[in-house]
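Comments concern the structure below.
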Protein chains: 2
Amino acid sequence: MADVARRAGVSTMTVSRALKGGRSVKEETRTRIMRAVDELGYVLDLTAGALSSKRSGFVSVLIPSVNNSNFSETVHGISDVLSEDGTQILVGYTDYSKAQEQRLIETMLRRRPEGVIVTGGVHTEGTRELLEQAAIPVIETWDMPADPIGHVVGFSNAATIEDMMARLLFRGYRKIGFIGGDDGRANGSDDRGRERRLGYERAVAALGLETSHVVPVGDPPVSIEHGGRAVVRLVEEWPDVEAAICVSDLPAFGAIMECHRREWAVPGRLAIAGFGDFEISRFCWPTITTVSVSCTEIGRKAGHLMSRAIKGARSEKPLPPQSVVIPHSIIEREST
Amino acid sequence: MADVARRAGVSTMTVSRALKGGRSVKEETRTRIMRAVDELGYVLDLTAGALSSKRSGFVSVLIPSVNNSNFSETVHGISDVLSEDGTQILVGYTDYSKAQEQRLIETMLRRRPEGVIVTGGVHTEGTRELLEQAAIPVIETWDMPADPIGHVVGFSNAATIEDMMARLLFRGYRKIGFIGGDDGRANGSDDRGRERRLGYERAVAALGLETSHVVPVGDPPVSIEHGGRAVVRLVEEWPDVEAAICVSDLPAFGAIMECHRREWAVPGRLAIAGFGDFEISRFCWPTITTVSVSCTEIGRKAGHLMSRAIKGARSEKPLPPQSVVIPHSIIEREST
DNA sequence: CCTCTGAATGATATCGATACCATAACTGGG
DNA sequence: CCCAGTTATGGTATCGATATCATTCAGAGG
């Protein structure tokens, strides 16, 4: 930067201001500086800038898995909104492990993010402590935690499945099974899957169904393959079953393909519904009934919230904890 | 750090050494320091460390799209290997746009990555200049560029489709179409798709087929939906067609679902093959014949190469440009 | 003609770590 | 008992920008 300053005949301070933009630098001076920058091929060093200004200019985002387009869309939404502020985002993958989540947060905090956005509302004690110590805005997404760390942008996973149950009941299905959802062991558990299963169980009770059946599918991420195996088990264990709700569209798809293979008509022999409105569900044959949540909207809302929270933190007027609920809807298609 | 040092009764230098690990610090001193760190809830500031040591400790990785599990696997491979060195990675998405790629690189270089890994071998002039100016190791992946910027870890996309053509021919198919692959307009183009299409055309010529037909599908990312529409066009435009090779498994899947809908037997009426060995292809009905490339291996090889290149750069013994070829194979399944 | 105001710019300290060199304490060979 | 050679530790400059306060200068207003 000193080289640029010398070449443009100004001080480094003026170069810095010119590069930040918007500050008071005479137009002519700015042009001269920009020319010098180009000629020298100078690239601003944000590392030094961050140290000096105490603003790292980025936010950490943690999601469970790379391969889930729902989470990717959320990240996209966050990124879209925050890029308007010039804030970058750094994504980490927890592999559905809370221990891994904590490790990632420890690592990321070393780079001094201005905020952290996590997925889900269940974390290790260590994670909570780290985040509180860090004293930066935190947003939990994709869930409605009972005891939030900071802000929340989410929805009730249980409620979505209760709605789906109501819809299936309305359609005349009575013997409805559930595929997926673990029972909450220590680590590597799928909290949102468990919530959805809970919604299923609550609906079974509330709607006065006499029978129910859950086929758990083991550790997340729940994949296409799991769905194929689970649907066979479901039908074997409960031959009367009329419909199955899957914890996500991927196992729903796997289940449908397995049904084709065995010549079980969908929805004739067995109706199948999923969660997440993945692209695959719109083009699968039959198309798949699913729960649609605007994942991008979760991201955009979280992004805006984070933007406000960061501004609040800078101006010593911290934003009080916000809670944003994202609506969901049931999309009925051919598979039910 | 000064607080920690005071509490442990040592200098900041000793604290720094203790935290880096492996350096010469007496075991007892280290314990004392660690205790102070815990008590104070101190978190090392890597921003400052990077500035001082001139090692940012991270590598930039650019891939076209979030929603392509092939690229995600590559990133995973890179991350696995580099995390052994304590190097983190920062991922950027180009949305298949070379202009966006350049913008991302500009932004990322401001944070002084120790290396850059890009996807593909075609870039803007500006991108090449930026990377050369930066004087850091560069790896191009997923392709075999004619004029590499630095190192290469890839394979010939054209050759994979030539192989697929040979296999289909061996199986008795003669009238084989191709779905996907643009013709190389300025921006937003799918270079790997174009290469694959080129492979198709070369095979048609080499194998002495009398007829051929390409249905392009527009801008990437090529999706499931594209495949459904394209297969209909292909059959309408060339009713004799016996087989179709798709630029990726996603359109292949879309094509198969559309065939189900129209009761065109796969492979009876039309054989369909894809590229990429996505999970969907293993569990779709019928299972999809595809080209398998070990995406994780691309990542791991790129990671190792980057690790060596960075060490080379630090010790002033730059690693001469390497070129690693990743093998591919054809996986024949039910769809052909 | 002088003071005042605001715009444009500059000088300097500082952010929080590490590189580098110096020093102190110890070890073992002669 | 001395000296070379480790091992463990400390002092200080430095990385490259920006915050902060100071300064200069032009033009407005009295």
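Throughout, a chain's letter reflects where its sequence line sits, starting with A, and its residues are numbered from 1.
As judged by a 4.0 angstrom heavy-atom cut-off over every strand, Thr47(B) is placed among residues making no nucleic acid contact. Residue contacts for Leu46(B): at a heavy-atom cut-off of 4.0 Å it reaches no nucleic acid atom on any strand shown.
The side chain of Ala48(B) approaches dG16(C) more closely than any other nucleotide in the set dG16(D), dG10(D), dG16(C). The side chain of Lys26(B) lies closest to dA8(D), out of dG16(C), dA8(C), dA8(D). Across dC20(C), dA17(C), dT9(D), the shortest atom-to-atom separation from the side chain of Met13(B) is found for dC20(C). Proximity note for Arg17(A) (side chain, C-beta onward) versus dG16(C), dT20(D), dT9(D): the nearest is dT20(D).
In this structure, Tyr42(A) atom OH and dG16(D) atom C1' are separated by 7 Å, rounded to whole Å. Note: CG (Leu44(A)) to P (dA17(D)) measures 6 Å, nearest angstrom. Spacing between atom CZ of Arg110(B) and atom P of dG16(D) amounts to 17 Å, rounded to whole angstrom units. Look at NZ on Lys54(B): it is 11 Å from P on dA19(C), rounded to the nearest Å. Taking atom CE of Met1(B) as the reference point, atom C1' of dA19(C) lies 13 Å away to the nearest angstrom. Atom CG of Leu51(B) and atom P of dA13(D) are 17 Å apart (whole Å). The distance from atom CD1 of Ile33(B) to atom P of dT9(D) is 7 Å, rounded to the nearest whole Å. What separates CG of Asp45(B) from P of dC15(C) is a distance of 12 Å, to the nearest Å.
Not a single donor-acceptor contact under 3.5 angstrom links the side-chain atoms of Arg112(B) to the base of dG16(D).
Listed pair Thr29(B) / dT9(D) meets the phosphate criterion, a side-chain N or O lying under 4.0 Å from OP1 or OP2. Between dG10(D) and Thr14(B), a contact under 4.0 Å exists linking OP1 or OP2 to a side-chain N or O. Under 4.0 angstrom from either OP1 or OP2 of dC15(C) there lies no side-chain N or O belonging to Ser52(A). Between Ser53(B) and the phosphate of dA17(C), there is no side-chain N or O to OP1/OP2 separation shorter than 4.0 Å.
Side-chain contact annotation: Asp95(A) with Ser97(A), donor-acceptor N/O pair under 3.5 Å absent.
Closest of all the heavy-atom pairs between Ile149(A) and Val138(A) is CG2-CG1, 4.0 Å.
Two residues are said to be in side-chain contact when any heavy atoms from C-beta on lie closer than 4.5 Å; Arg308(A) and Lys311(A) fail this criterion. In this structure, Arg192(B) and Pro220(B) have side chains that are not in contact, with every pair of non-hydrogen atoms separated by 4.5 Å or more.
Salt bridge present: Asp3(B) and Arg6(B) bring a charged side-chain N and a carboxylate O closer than 4.0 Å.
In terms of position along DNA chain D, the nucleotide closest to Thr12(B) lies nearer the 5' end than the nucleotide closest to the other residue of the pair Val15(A) and Thr12(B).
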